[in-house]
Amino acid sequence: MSDDAQPLGIRDIMSLATKLAERVIHTHNAGQPFSMNELEAVVKAAEFLQKHDMPWPGVVTEVIDGLVAEMDGVRADSSDMGVRMLPPR
């Protein structure tokens with residue numbers, strides 16, 4: 001689907017998701033804590049885009065992949081302690 005054929009709302013969400021994901025990455029790379037609200041907004045935008053069969057912008061994929069890796073790390077660390085903080089996949 002060409003960019004011009006996309007409904008305005010989806011283009012807006014893609015743009016917002018990209019800007020938020022870039023902000024999360026920039027903040028993280030600067031060694032500062034990022035806003036959980038911003039991270040949640042990136043995840044919700046990704047869910048919306050997926051629901052509408054739209055590809056994620058690359059930077060959104062990078063944030064989601066990083067979040068999944070972080071969760072997998074927490075899961076592995078908690079398994080070592082005999083505690084499971086997140087349900088298994």
Side-chain angles (χ1 to χ4, degrees):
M1 180 180 290
S2 74
D3 195 40
D4 293 336
Q6 294 176 11
L8 182 60
I10 290 178
R11 272 190 291 181
D12 292 340
I13 290 171
M14 289 180 85
S15 176
L16 179 60
T18 297
K19 290 175 184 173
L20 285 169
E22 287 172 346
R23 182 178 169 115
V24 167
I25 289 172
H26 175 73
T27 303
H28 177 72
N29 289 343
Q32 299 176 352
F34 48 80
S35 164
M36 292 306 291
N37 289 335
E38 290 173 343
L39 183 60
E40 182 179 355
V42 172
V43 170
K44 286 184 178 186
E47 290 172 341
F48 176 87
L49 293 171
Q50 184 172 5
K51 179 180 176 185
H52 290 86
D53 297 321
M54 298 299 299
W56 294 347
V59 70
V60 171
T61 300
E62 185 177 343
V63 169
I64 299 296
D65 287 349
L67 179 60
V68 169
E70 188 74 24
M71 291 172 59
D72 286 345
V74 168
R75 188 176 299 137
D77 288 347
S78 65
S79 293
D80 292 342
M81 297 184 306
V83 176
R84 183 162 299 278
M85 297 178 69
L86 300 172
R89 288 187 189 193

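Both backbone and side-chain heavy atoms feed into the values below; hydrogens, waters and symmetry mates do not. Counting begins at 1 with the first residue of the sequence.
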Would you say the side-chain atoms of Trp56 pair up with the backbone N or O of Ala46, donor to acceptor, closer than 3.5 Å? yes
Looking at CG of Leu39 and CD of Glu70, how far apart are the two atoms once the value is rounded to the nearest 0.5 Å? 10.5 Å
Which atom pair, heavy atoms only, marks the closest approach of Pro57 to Leu49? CD-CD1, 4.0 Å
His28 atom NE2: more than 12 heavy-atom contacts under 6.0 Å: no
How about Ser35 and Thr27: do any of their side-chain heavy atoms sit closer than 4.5 Å? no
Heavy-atom closest contact (Met14 atom, Pro55 atom, distance): CE-O, 3.5 Å
What is the minimum heavy-atom distance between Thr18 and Val60, and which atoms define it? N-CG2, 4.1 Å
How long is the straight-line distance from NE2 of His52 back to CD of Glu47, given to the nearest 0.5 Å? 12.5 Å
Close side-chain approach of His26 to Asn29, heavy-atom, < 4.5 Å: no
Calculate, to the nearest 0.5 Å, the distance between atoms CG and CD1 belonging to Asp53 and Ile10 respectively. 9.5 Å
Out of curiosity, Asn37 CG to Lys44 NZ, how far, rounded to the nearest 0.5 Å? 9.0 Å
Evaluate the criterion side-chain contact (heavy atoms from CB on, under 4.5 Å) for residue pair Arg23 and Phe34; output intermediate values, then yes/no. CA-CA 8 Å; Arg23 182 178 169 115; Phe34 48 80; over 6 Å; no
Note: Val42 and Ala17 closest approach over all heavy atoms is CG2-O, 4.3 Å
